[in-house]
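Each remark here refers to the structure printed beneath this line.
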Amino acid sequence: MQFDKPATTNPIDQMKVVGRPIHRIDGELKTTGRAMYAYEWHDPQMPYVYGYPVGAAIAKGHVTAIDTSAAQTSPGVLGIVTTLDVGDLTKGKLNTAKLFGGSEVQHYHQAIAVVVAETFEQARAAASLLKIDYVAEPGVFDLKQAMINAVKPDEASEPDTAIGDFDNAFKNAAVTVDETYTTPDQSHSMMEPHASIAAWDGEDLTVWTSSQMIDWWRTDLAITLGIDKQKVHLMSPFIGGGFGGKLFLRADAVLAAFAAKSVGRPVKVALPRPMIPNNTTHRPATIQRIRIGAGQDGKISAIGHESWSGDLPGGGPETAVMQTRLLYAGSNRMTAMRLATLDLPEGNAMRAPGEAPGLMALEIAIDEMAEKLGMDPIEFRILNDTQVDPENPERPFSYRDLSGCLKLGAERFGWAERGRPATRQQDGWLIGMGVAAAFRNNLVMPSGARVRLGPDGIVTVETDMTDIGTGSYTIIAQTAAEMMGVGIDKVAVQLGDSRFPVSAGSGGQFGANSATSGVYAACVKLREAVAAKLGFNSVDVIFEEGGVRSGNRFVSLAEAAGPDGVVGEDTMEWGDLTNTHQQSTFGGHFVEVAVDIATGETRIRRMLAVCAAGRILNPITARSQVIGAMTMGAGGALSEELAVDTRLGFFVNHDLASYEVPVHADIPHQEVIFMDELDPYSSPMKAKGIGELGLCGVSAAIANAIYNATGVRLRHYPMTLDKLIGYLPEVA
Amino acid sequence: MRAFTYERASSVEAAAKAAASNRDAKFIAGGTNLLDLMKLEIETPTHLIDVNGLGLDRIEKTPEGGLRIGALVRNTDLAAHDAIRKDYSLLTRALVAGASGQLRNKATTAGNLLQRTRCPYFYDPNQPCNKRRPGSGCSAIGGITRQLAVVGTSKDCLATHPSDMAVAMRVLDAVVETVRSDGSSRSIPIAEFYRLPADTPHIETELEAGEFITAVVLPAPIGGKHIYRKVRDRASYAFALVSIGAVIQEDGAGRVAVGGVAHKPWRMEAADMELANGAHAVSAALMADARPTEQNRFKIDLVRRTLGAVLNQARS
């Protein structure tokens with residue numbers, strides 16, 4: 001099905017199942033431990049053995065020799081595959097750094113060997129017995145130093161935009177802000193480590209893994225192994241979090257495949273937690289300069305955003321300026337991205353790539369500008385709101401109610417009680433409130449599904465879509481139930497299997513809207529097939545109450561299915577509505593913080609997110625996405641930073657004890673409000689993405705709240721106490 | 001993790017003797033730190049002597065009016081003990097500020113005293129570390145040092161001792177009771193128990209090879225207000241950037257020890273004498289010889305400011 005005209009009324013609008021607060025249909029499996037994650041697959045007939053990965057101990061250079069003799073004779077060892085053994089491999093299309101193979105070391109903890117043994121413990125013990133010789137080479141690890149050598153990236157990534165005369169308008173503006181902000185490297189730190197089991201059957205390879213994007217992995221695994229993609233079967237039905245860290249093929253799958261081939265048995269490989277931050281991808285650090293000029297009336301006349309980030313050769317920039325092209329009005333504008341070459345591990349997508357770090361900077365700058373103008377920051381944002389793409393005013397937003405989000409949030413949060421900076425104190429705490437706009441583009445991806453109607457009347461959906469904890473199982477079941485006129489208990493959902501139609505996968509907050517649209521398309525096909533089989537006119541049939549009605553005829557679905565059942569399969573493809581209309585999601589984040597006047601510790605007291613993202617397919621799973629994202633934003637604001645040792649070239653705090661994500665005690669109270677809206681331009685579901693919107697702007701709202709509490713403006717994340725205490729009043 | 005053999009010790013003396021006869025043996029109690037370090041091959045004992053069954057899990061009154069805490073008393077039980085909460089609440093406060101409920105259920109009193117540093121370079125076996133491989137060098141110096149020590153450091157080590165409990169023990173002048181491999185016992189005041197890194201950072205305490213901690217003895221209660229203030233980037237489950245343990249009497253006199261700044265709980269009796277002159281004077285005395293890095297210089301201010309808040313709390 002091609003979606004190229006705004007949606008009109010369709011069966012989803014019935015909202016009998018879609019939009020209802022239905023608990024996760026896979027919840028019972030998860031809470032009872034029966035949901036099988038990648039490493040946990042256990043078939044008693046399969047003679048599993050264990051591979052333990054070894055990462056490079058240098059940041060850049062070459063492996064010159066690997067002496068495996070001691071490891072070979074270690075108890076239980078079945079085989080060792082080294083990067084020198086396999087030689088150079090073709091890199092996956094979507095990988096920047098190579099995952100394995102050849103002598104070159106591009107980054108710290110790059111996989112250079114896998115040791116296979118009968119037990120996990122034996123493999124781990126033997127892995128440390130490898131004697132590895134390196135020739136290290138100097139590398140570039142410090143973004144601040146490398147930024148002078150940064151270059152304009154590939155034009156395909158649209159690094160620069162310029163509208164009007166920014167320089168002149170900024171120079172002549174009555175009020176200006178010109179500040180530099182920095183965001184650090186961040187780690188996805190998902191709960192489930194990257195893990196794979198590989199099993200060969202002749203030339204056929206089956207891999208149980210933890211992947212957000214089944215077809216991307218399957219394609220790149222086949223390329224890396226140099227085999228036909230059709231020979232690769234991938235399974236990833238349950239995923240313990242991804243956040244972008246499992247978008248692209250990772251080393252565990254490659255090592256498991258080589259190891260399994262080498263020992264002739266199925267091999268399990270998980271990346272040990274201390275290896276994950278340097279072996280896999282991360283959100284790259286940014287240095288961002290923002291300039292805003294406005295008249296005394298508060299109207300923005302000039303807005304400029306430049307961002308510097310680094311990556312390995314062949315990588316791309318962190319697209320931190322993207323939201324600035326769309327978020328606020330102003331006729332003179334410029335954005336620019338520059339990319340430095342760094343020899344750190346590969347930088348790549350992490351939840352809301354671009355907008356998350358971009359808004360961390362932009363939404364502080366907006367707060368600073370409002371402060372300079374003597375305006376309330378909400379009023380300033382509303383004054384500069386726009387209904388059209390500010391770079392191309394011919395192009396409207398499909399639906400945009402940023403102002404509505406901010407107004408409703410202000411009312412619910414008690415924004416009116418916010419005082420001037422550093423004026424509220426309570427029991428040794430400085431109290432402050434902050435706000436930021438939330439903004440994230442709504443992306444759509446082609447997405448396929450197959451829907452089977454069985455002789456028992458059960459509707460089974462098959463798609464390679466993934467559920468990374470987001471609720472895909474549930475919203476897909478709701479979609480199929482609504483389309484086929486059955487209760488959700490009559491729908492079964494099978495995900496994450498490469499034998500199923502290729503879906504959007506999970507990423508870029510495109511998963512929910514795209515994948516349910518694919519299911520919608522397949523259900524349309526199934527409805528047509530059922531109607532045709534019954535000899536009904538497909539235009540006037542109604543699917544309801546477990547059956548098909550046409551005029552005064554009613555046939556149950558089980559009966560309609562017959563002994564052989566009926567199948568519908570289709571892929572949702574997208575026309576140019578995303579070009580004619582800018583599709584984005586909006587919101588407002590409100591935060592109240594308390595800063596300890598003595599120690600400078602910031603503790604969050606309350607958080608509110610108001611989100612506008614089209615139809616909310618399931619308020620429970622959507623809320624869960626948003627509160628998780630708000631939590632990630634709290635970590636980004638206050639504690640998360642991959643600390644770069646710029647001499648040695650690696651992230652030093654590479655475990656969960658030292659890379660501090662928020663704990664329960666950091667997150668006291670979170671509230672989420674969804675705006676009641678439909679966006680017919682987005683899809684037949686009239687829904688948009690929500691999973692990343694919840695993160696966008698949170699950290700800046702916290703930074704702005706710290707300013708309101710203390711009167712100290714911090715521009716460098718994370719906003720730890722050491723950056724604050726020098727400016728706080730002396731303790732008596 | 002290297003392969004190891006395992007035995008359950010039948011008596012304290014047997015445990016000490018077994019340890020002395022095997023240079024590569026380690027005692028294991030809760031294992032909350034040792035097992036993690038073994039998995040990373042930072043600790044590589046070839047033999048483990050399990051001391052959990054030795055009956056050292058009781059808290060008893062001493063004739064002097066104090067308490068003898070068995071080496072195997074779990075952190076949770078110690079923190080919850082009535083007499084501890086009543087007379088040594090500093091200890092309870094310090095204990096519950098550390099780790100998580102699950103870890104405290106397993107971790108023991110002696111094990112807590114002996115936990116190893118959390119320096120990130122100590123934790124990365126690829127990097128030189130004088131604690132992990134004596135003589136290999138210190139990769140923390142010149143690297144990421146925000147969490148590391150500011151006082152009592154050496155050219156060979158910037159590590160801190162991570163224990164909260166030990167800070168409280170230092171304030172309370174606890175005494176560590178041990179049995180040596182020859183069967184003799186001795187008492188080591190906590191003030192003398194820990195060493196500074198100097199040029200042997202791998203030697204962290206005064207314990208001899210095989211010497212086994214049997215108990216930690218608290219002297220008779222000293223009254224006063226007991227305060228433990230732990231400062232950290234997140235609200236729970238993080239090691240201290242700085243912590244202050246204090247017992248402050250009605251007249252303002254008292255004792256102060258600082259965690260997160262040195263290779264051991266940092267207390268100076270001379271600094272205690274400055275309490276009458278306020279937080280600035282005390283912290284100036286405590287930090288007089290500090291040699292911070294650019295990244296951890298803030299800890300000097302943080303000690304002063306946190307101590308100021310602690311003294312305010314004591315007065316209120």
Side-chain angles (χ1 to χ4, degrees), chain A residues 55-58 74-75 108-109 121-122 124-125 127-129 272 274 278 428 596-604 634-635 638-641 643-648 650-658 660-668 718 720-726 728 730-732, chain B residues 1-4 36 38-41 44 99-100 118-121 123-128 139-147 162 229-239 241-242 244 278-280 295-313 315-316:
Chain A
I58 61 167
S74 188
Y108 196 70
H109 277 172
E121 289 75 13
Q122 288 169 334
R124 183 173 60 186
S128 71
L129 299 175
N278 286 288
D596 187 301
I597 198 166
T599 64
E601 288 163 296
T602 298
R603 300 290 181 247
I604 295 170
L638 297 175
S639 59
E640 292 185 39
E641 174 179 21
V644 183
D645 187 317
T646 55
R647 307 160 307 166
L648 303 171
F650 70 99
F651 301 129
V652 168
N653 50 340
H654 50 75
D655 59 33
L656 287 178
S658 51
E660 293 188 10
V661 300
V663 295
H664 285 88
D666 292 308
I667 309 294
T720 45
L721 61 90
D722 45 313
K723 295 169 184 166
L724 204 51
I725 53 168
L728 295 179
E730 193 53 57
V731 182
Chain B
M1 186 185 277
R2 302 273 175 86
F4 58 89
D36 283 352
M38 286 171 69
K39 288 174 188 172
L40 295 166
E41 299 205 359
T44 52
S100 65
R118 295 287 169 160
C119 174
Y121 296 93
Y123 262 81
D124 189 332
N126 289 331
Q127 304 306 325
S139 39
I141 293 173
I144 300 296
T145 56
R146 179 172 178 269
Q147 296 266 355
R229 179 69 170 91
K230 183 174 183 179
V231 183
R232 42 188 161 177
D233 290 324
R234 60 182 172 191
S236 179
Y237 206 60
F239 295 94
L241 292 167
V242 156
I244 305 275
H280 276 75
Q295 291 173 25
N296 66 18
R297 189 175 301 282
F298 74 93
K299 287 193 176 188
I300 310 286
D301 281 347
L302 190 57
V303 168
R304 186 188 72 247
R305 299 180 65 94
T306 309
L307 183 59
V310 165
L311 297 184
N312 283 342
Q313 189 186 336
R315 276 195 294 271
S316 68

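Proteins get letters first, then strands, A, B, ... in listed order; numbering begins at 1 in each.
Interface check for chain A: of the options B/Ala238, B/Gly142, B/Ala3, the most heavy-atom pairs under 4.5 Å are formed by B/Gly142. Counting heavy-atom pairs under 4.5 Å between each of B/Gly143, B/Gly308, B/Ala235, B/Pro125 and chain A puts B/Ala235 at the top. The greatest number of non-hydrogen atom pairs below 4.5 Å with chain B, out of A/Ser639, A/Gly635, A/Ala665, A/Pro718, is found for A/Ala665. Of the listed residues (A/Ala127, A/Ser74, A/Ser658, A/Ser128), the one with the most heavy-atom contacts under 4.5 Å to chain B is A/Ser128. For the options B/Lys39, B/Gln295, B/Gln313, B/Arg118, heavy-atom pairs under 4.5 Å to chain A are most numerous at B/Lys39. No other option in B/Arg234, B/Glu41, B/Arg2 has as many heavy-atom pairs under 4.5 Å with chain A as B/Arg234.
Side-chain contact between A/Asp596 and B/Arg229: present, with at least one pair of heavy atoms (C-beta onward) separated by less than 4.5 Å. Contact check for B/Arg146 versus A/Thr720: side-chain heavy atoms found under the 4.5 Å cut-off. Counting heavy atoms from C-beta outward, A/His109 and B/Asn126 have side chains that approach closer than 4.5 Å. Put simply, the side chain of A/Asn653 does not reach to within 4.5 Å of the side chain of B/Ile144, judged on heavy atoms. Using a 4.5 Å heavy-atom cutoff, the side chains of A/Glu121 and B/Met1 are not in contact.
Using a distance-only test at 3.5 Å, with no hydrogens or angles considered, a donor-acceptor pair links the side chain of A/Arg647 to the main chain of B/Ser139. B/Arg305 places no side-chain N or O within 3.5 Å of a backbone atom of A/Thr599 that could act as its donor or acceptor partner.
When all heavy atoms are compared, the tightest approach of B/Gln127 to A/Ala57 is NE2-O, 4.3 Å. What you find for B/Leu40 and A/Pro274 is that their closest heavy atoms are CD2-CG, 4.0 Å. When all heavy atoms of B/Pro120 and A/Val652 are compared, the pair lying nearest together is CB-CG1, 3.3 Å.
The distance from atom CD1 of A/Ile725 to atom NZ of B/Lys299, rounded to the nearest 0.5 Å, is 11.5 Å. Between atom CG of residue B/Asp124 and atom CZ of residue A/Phe651 there is a gap of 13.5 Å, rounded to the nearest 0.5 Å. Taken to the nearest 0.5 Å, the CG atom of B/Asp233 stands 9.5 Å off from the CG atom of A/Asp666. Here B/Tyr237 contributes atom OH and A/Glu660 contributes atom CD; the two are 11.0 Å apart, rounded to the nearest 0.5 Å.
Residue B/Arg297 does not touch chain A at all, counting heavy-atom pairs closer than 4.5 Å. Heavy-atom distances place the backbone of A/Leu656, and not its side chain, under 4.5 Å from chain B. Looking at A/Val661, both its backbone and its side chain come within 4.5 Å of chain B, counting heavy atoms on both sides. Within the 4.5 angstrom heavy-atom criterion, only side-chain atoms of B/Asn312, from C-beta onward, approach chain A. Residue B/Leu241 touches chain A through its side chain alone, counting heavy-atom pairs closer than 4.5 Å. Looking at A/Glu730, the atoms closer than 4.5 Å to chain B (heavy atoms on both sides) sit in the backbone and in the side chain alike. Neither the backbone nor the side chain of A/Ile58 comes within contact range of chain B, judged by heavy atoms closer than 4.5 Å. Heavy atoms closer than 4.5 Å to chain B are found in the side chain of A/Glu601, but not in its backbone. Neither the backbone nor the side chain of A/His664 comes within contact range of chain B, judged by heavy atoms closer than 4.5 Å. Proximity to chain A is limited to the side chain of B/Gln147, based on heavy atoms less than 4.5 angstrom apart.
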